[in-house]
Amino acid sequence: MNELSGAEARRLVLVAQGFGNRPRGRVTGAHLAAAIENLGVLQIDSVNVFERSHYMPMFARLGGYDTAILDEMLLAPHAPATHVEYWAHEAAFLPVDSWPLWQWKMQLARERHSRPGSWLSEHRALADSLVARLHNDGPATFTELEGPREKRRGSWWDWSDVKRTLEYLFEDGTITAIGRTTFQRIYATVADVVPQHLIDAPLSEPDARRALMRDAVRALGVGTLTDIADYYRFKTAPAKVALDQLVENGDVVEVAVAGWTKNGKPVAGYMLPDSTVPARAPAVTALLSPFDPVTWNRDRASRMFGFDYKIEIYTPAPKRVYGYYSLPILMNDALVGRIDLKADRKAKTLIVRSAHWEPNRPKDAVDRLASVVRDAAAWRGLESIVVEEWGDAAAELRKVFG
């Protein structure tokens with residue numbers, strides 16, 4: 001069995017995740033598309049206190065870029081589509097070429113929805129009318145499809161019959177989202193926007209699970225069974241079946257990683273057989289989204305980086321330890337702190353609401369953090385930086401920014 005040190009595992013993970021390979025010149029659409037393809041999924045979140053989550057992994061890996069290019073790629077309707085949205089991890093953008101990998105999941109949803117008493121069975125006329133409207137009139141948002149708001153119900157997050165029907169049709173692959181406007185999905189029928197050769201090439205559930213598990217191993221670099229299963233949100237039992245088959249076929253190899261234990265016992269890791277451990281960590285300083293694949297699995301972040309992470313959005317303000325929406329700070333192969341940023345767009349000011357160090361940080365950490373904060377402000381078109389008085393890293397940044 002192969003053996004890795006903790007440092008080797010971290011280096012393998014970060015390079016697999018696309019760090020340390022920034023373009024020398026302007027970031028293009030091709031760079032952005034390649035980064036998304038490498039990640040496999042780009043998770044969506046609506047919080048916009050600094051910047052929405054799906055923009056952040058690209059900034060962390062590629063540096064400052066024109067978000068209008070990513071908007072055109074992900075948010076503007078295209079037929080045929082290049083990227084679509086689906087429940088792959090959580091709600092996420094993914095390359096349309098991965099459509100065959102998810103059709104088994106859509107088929108299971110269709111089977112559930114066809115059962116007597118299910119929502120779509122009971123509202124088939126509404127579902128058919130929505131699909132017909134999208135086919136005949138083209139892509140549309142929920143608001144455009146619903147028209148005047150029907151009486152509020154007080155359940156299902158106050159969803160209307162139209163919204164609930166759209167969600168089920170989205171889940172079962174009858175319709176998809178090929179963009180967003182004001183953070184509403186732009187729906188379209190799959191038959192109208194997904195290339196037919198992809199629709200005609202579904203993988204069986206076992207084949208698709210193996211392919212997705214292997215892709216998760218590739219994207220993670222190295223991971224435990226639970227790490228790999230979590231990447232595409234598989235339950236552990238079917239994930240283990242798929243992973244065992246990959247190991248048996250030689251597509252994935254087992255590895256022992258120093259320090260990876262549970263209840264005092266070693267936990268196996270898995271990586272691709274042709275993986276090459278980088279000789280050194282990528283020379284990178286980056287701010288990570290809470291929903292970046294490096295940190296979205298909190299147990300993995302703790303095991304790999306010794307970084308105990310929680311977003312405190314739902315924690316009452318007086319009880320917050322680090323801030324409302326703190327971003328992990330990556331330097332080389334270590335998570336060295338967290339910083340809570342707010343964009344005051346009207347005043348064109350980036351506000352550092354708090355910043356805290358972890359115990360082990362490089363000697364030049366404050367200079368590197370100040371540099372990436374400047375980059376973040378410039379990236380979002382903010383002309384000034386204000387640092388508030390919360391946290392030891394904030395105290396050091398105040399000396400830089402005044």
field: Residue among L350, V373, V386 satisfying side-chain contact (heavy atoms from CB on, under 4.5 Å) with F401
entry: V373

salt_bridge(E146, K163) N-O dist < 4.0 Å: no

- line: In short, S354 meets G323 closest at the heavy-atom pair OG-CA, 4.0 Å

- prompt: Tell me, do L134 and I175 make a side-chain contact under 4.5 Å, heavy atoms counted?
  reply: yes

message: Parallel, tilted or perpendicular: which one describes the rings of F234 and W104, with boundaries at 30° and 60°?
response: perpendicular

- prompt: Taking D340 for the side chain and Y325 for the main chain, is one N or O donor matched with an acceptor at less than 3.5 Å?
  reply: yes

- line: The reported gap from CZ in F142 to CD in E144 (rounded to nearest 0.5 angstrom) is 11.5 Å

field: Distance-minimising heavy-atom pair for A370 and V400
entry: CB-CG1, 3.9 Å

- request: Would you check if L287 and I329 make a side-chain contact, meaning some heavy-atom pair closer than 4.5 Å?
  value: yes

Salt-bridge contact E383-K348 (side-chain N to carboxylate O under 4.0 Å): yes

- request: Would you sort out whether I178 and H78 count as a side chain to side chain contact (heavy atoms under 4.5 Å, CB included), showing the intermediate values?
  value: CA-CA 7 Å; I178 57 169; H78 297 282; 6.0 Å; no

Spacing of E37 atom CD and L42 atom CG [to the nearest 0.5 Å]: 13.0 Å

message: Walk me through whether L14 and L330 qualify under side chain to side chain contact (heavy atoms under 4.5 Å, CB included).
response: CA-CA 10 Å; L14 293 171; L330 175 68; 4.0 Å; yes

Side-chain donor or acceptor of D364 paired with backbone N/O of D367 under 3.5 Å: no

field: S121 side-chain N/O to S114 backbone N/O, donor-acceptor pair under 3.5 Å
entry: yes

message: Using side chain to side chain contact (heavy atoms under 4.5 Å, CB included), reason through F93 and I44 one step at a time and then give a plain yes or no.
response: CA-CA 7 Å; F93 298 112; I44 301 166; 3.5 Å; yes

task: Using the six-membered ring wherever Trp is involved, compare the ring planes of Y55 and W379 and label them parallel, tilted or perpendicular (cut-offs 30° and 60°).
output: perpendicular

- prompt: Around atom CG of N360, are there more than 12 heavy atoms of other residues, nucleotides or ligands at under 6.0 Å?
  reply: no

message: Applying the side-chain hydrogen bond (donor to acceptor under 3.5 Å, both in side chains) criterion to R300, which one of T224, D227, T295 satisfies it?
response: D227

query: Hey, are E312 and K319 close enough for a salt bridge, meaning a charged N less than 4.0 Å from a carboxylate O?
result: no

- prompt: Can you list every side-chain hydrogen bond (donor to acceptor under 3.5 Å, both in side chains) pair that touches residues 204-222, not counting sequence neighbours?
  reply: N38-R218, S204-D207, E205-R209, D207-R210, R210-Q245, D215-R218, D215-Y232

task: Give a yes or no answer on whether the side chain of S5 reaches the backbone of E8 with a donor-acceptor pair at less than 3.5 Å.
output: yes

query: Less than 4.0 Å between a side-chain N and a carboxylate O, is that true for E122 and R115?
result: no

- prompt: Nearest heavy-atom pair of A81 and V96: which atoms, and what distance?
  reply: O-CG1, 3.2 Å

Among V284, L32, L39, the one residue meeting side-chain contact (heavy atoms from CB on, under 4.5 Å) with R61: L39

Distance in Å, W357 CH2 paired with R338 CZ, rounded so as to fall on 0.5 Å steps: 12.5 Å

field: Enclosure of E248 CD (heavy-atom neighbours >12, cutoff 6.0 Å)
entry: no

task: Kindly indicate whether the side chain of M304, heavy atoms from C-beta on, has any atom under 4.5 Å from the side chain of V13.
output: yes

message: Keeping H123 on the side-chain end and W119 on the backbone end, is there a donor-acceptor pair under 3.5 Å?
response: yes

- prompt: Given side chains that start at C-beta, do those of V41 and Y231 come closer than 4.5 Å, heavy atoms only?
  reply: yes

task: Can you measure from CD (E254) to CG (L243) and round to the nearest 0.5 angstrom?
output: 8.5 Å

- prompt: Would you say T28 and I69 make side-chain contact, with heavy atoms under 4.5 Å?
  reply: no

field: Residues D299 and R303 bridged, charged N to O under 4.0 Å
entry: no

- prompt: Given the rule in the ring-ring contact (aromatic ring centres under 6.0 Å, His included) test, do Y322 and W390 qualify, once you have shown the distances and angles that lead to the verdict?
  reply: CA-CA 8 Å; Y322 296 111; W390 185 7; 8.3 Å; no

Validation row: K342, Y324 side chains within 4.5 angstrom (heavy atoms): no

message: Before you tell me yes or no, could you show the steps for E85 and R180 under salt bridge (charged side-chain N to carboxylate O under 4.0 Å, His left out), namely the whole-Å CA-CA distance, both residues' side-chain angles and the distance that decides it to 0.1 Å?
response: CA-CA 10 Å; E85 184 182 329; R180 286 187 175 234; 2.6 Å; yes

statement: Taken to the nearest 0.5 Å, the spacing of L145 CG from Y187 OH works out to 8.5 Å

message: Has Y309 got a side-chain atom pairing as donor or acceptor with S326's backbone, closer than 3.5 angstrom?
response: yes

task: Mind running side chain to side chain contact (heavy atoms under 4.5 Å, CB included) on R52 and V47 for me, showing each step along the way?
output: CA-CA 6 Å; R52 287 198 169 107; V47 176; over 6 Å; no

- request: Quick one: closest heavy-atom pair of P278 and V15, and the distance?
  value: CG-CG2, 3.5 Å

Contact check, side chains of T176 and Y86, non-hydrogen atoms, under 4.5 Å: no

Salt bridge present between R110 and D172 (N-O < 4.0 angstrom): no

query: Looking at W87, does the NZ or CZ of R233 lie under 6.0 angstrom from its six-membered ring centre and within 45 degrees of the ring axis?
result: no

- request: Provide the closest heavy-atom pair for N332 versus A283 in the form atom of the first, atom of the second, distance.
  value: OD1-CA, 3.5 Å

task: Taking the side chain as every heavy atom from C-beta outward, state whether L288 and M56 have any pair of such atoms under 4.5 Å apart.
output: no

- request: Without swapping roles, check the side chain of N249 against the backbone of D251 for a donor-acceptor pair under 3.5 Å.
  value: no

Steps toward side chain to side chain donor-acceptor pair (under 3.5 Å) verdict (H356, D392): CA-CA 5 Å; H356 299 80; D392 53 351; 5.7 Å; no

task: Return yes if some donor-acceptor pair links the side-chain N/O of E358 with the main-chain N/O of L335 below 3.5 Å, else return no.
output: no

- request: For residues L327 and S289, report the shortest heavy-atom separation together with the two atoms involved.
  value: CD2-CA, 4.4 Å

task: Keeping the roles fixed (side chain from T165, backbone from D161), state whether a donor-acceptor pair exists under 3.5 Å.
output: yes

Spacing of CD1 belonging to I351 relative to CD1 belonging to I385, to within rounding of 0.5 Å: 11.5 Å

query: Would R353 count as a cation-pi partner of F50, with NZ or CZ less than 6.0 Å from the six-membered ring centre and within 45° of the ring normal?
result: no

- prompt: Does the S118 side chain pair with the main chain of H113, one donor and one acceptor, at a distance under 3.5 Å?
  reply: yes

- prompt: Is N263 atom CG crowded by more than 12 heavy atoms from other residues, nucleotides or ligands, each under 6.0 Å away?
  reply: no

